[in-house]
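Input: a single structure, listed below in structure tokens.
Proteins get letters first, then strands, A, B, ... in listed order; numbering begins at 1 in each.
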Amino acid sequence: QKEVEQNSGPLSVPEGAIASLNCTYSDRVSQSFFWYRQYSGKSPELIMSIYSNGDKEDGRFTAQLNKASQYVSLLIRDSQPSDSATYLCAVTTYSGAGSYQLTFGKGTKLSVIP
Amino acid sequence: DTEVTQTPKHLVMGMTNKKSLKCEQHMGHRAMYWYKQKAKKPPELMFVYSYEKLSINESVPSRFSPECPNSSLLNLHLHALQPEDSALYLCASSPREDPYNEQFFGPGTRLTVL
């Protein structure tokens, strides 16, 4: 079974600090990796996608991918209280017959303390 | 137009009712998805439509019946639901069903089955 693992948290960081969110996946042939942010009662919002080994930066967010270790992470610099949410790691897995689907981790709840 | 819309926002139904959820996108995306999300759990894939054809059915009970009338519209017909079907139902779309395409979620329909 293809799995995506995340620490459920809660992860608490002070305002202005760096928040580090981690994710591991079991399917070695996965090619695409996504981070979604979900506020309580709302739908997931895509914040980062990464396909190649290394770092990808977008504003205060940096995604890091290491396919050899089957590990993907998200760093949030200068964390703000508005970053408090559940962060979902998602990995594209092959379902057969040319079909692909997203497999989600259970999410890490982040709290940024003012 | 860069969003996925869903109606209604909230739905309360009895176990003998028939109702439908509607999802619409005008981004020219050719893959559309239904997910179910229970509280404090990640989204679970239900159905995938690719170019208006059902691509994936994740062994969903027949009381859930999807329909894709055209490339912009996705419906989920509900009949004889159970209280445990109460959840947030999310629609998503992506340009195509391939491993590199990002999925964008609508705001969801909060369903309560009495």
Most chain B-contacting option - heavy-atom pairs closer than 4.5 Å, from A:Ser30, A:Ser43, A:Gly105: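 Sorted descending by pairs with chain B, the first entry is A:Ser43.
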Contact leader toward chain B among A:Ser49, A:Gly107, A:Pro44, where contacts are heavy-atom pairs under 4.5 Å: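 Option with the top pair count is A:Pro44.
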Quick one: side chains of residues 10-24 of chain B, donor-acceptor pairs under 3.5 Å with protein atoms, not counting sequence neighbours, listed by atom name and distance.
| residue | atom | partner | partner atom | Å |
| --- | --- | --- | --- | --- |
| B:Asn17 | OD1 | B:Gly14 | N | 2.7 |
| B:Ser20 | OG | B:His77 | ND1 | 2.6 |
| B:Glu24 | OE2 | B:His26 | NE2 | 3.3 |

B:Ser93 and B:Gln25 side chains, donor-acceptor separation under 3.5 Å: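 No, no side-chain donor-acceptor pair sits under 3.5 Å.
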B:Asn101 versus B:Gln103, side-chain donor and acceptor atoms under 3.5 Å: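 Absent: no donor and acceptor within the cut-off.
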Which portion of [X] sits near chain B, non-hydrogen atoms under 4.5 angstrom:
| X | value |
| --- | --- |
| A:Thr92 | side chain |
| A:Ser95 | side chain |
| A:Gln38 | side chain |
| A:Tyr36 | side chain |

B:Gln6, part contacting chain A, at a heavy-atom distance under 4.5 Å: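 No part of B:Gln6 comes within 4.5 Å of chain A.
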Heavy-atom proximity to chain A below 4.5 Å, by part of B:Glu44: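 Contact with chain A: none, neither part.
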Options B:Tyr35, B:Phe104, B:Tyr33, ranked by heavy-atom pairs under 4.5 Å with chain A, top entry: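 Looking at each of B:Tyr35, B:Phe104, B:Tyr33 in turn, B:Tyr35 comes out on top.
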Sub-4.5 Å side-chain heavy-atom contact between A:Phe33 and A:Met48: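 Not in contact.
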Pairing of B:Glu52 and B:Arg30 as salt bridge, 4.0 angstrom limit: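 Here B:Glu52 pairs with B:Arg30 in a salt bridge, since their nearest N and O are under 4.0 Å apart.
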Aromatic ring pairing A:Tyr51/A:Phe34, orientation class (parallel under 30°, perpendicular over 60°, tilted between):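 The arrangement is perpendicular - the two ring planes meet at more than 60°.
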Minimum heavy-atom distance A:Arg77-A:Thr62, with the two atoms named: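 It is NH1-OG1, 2.6 Å.
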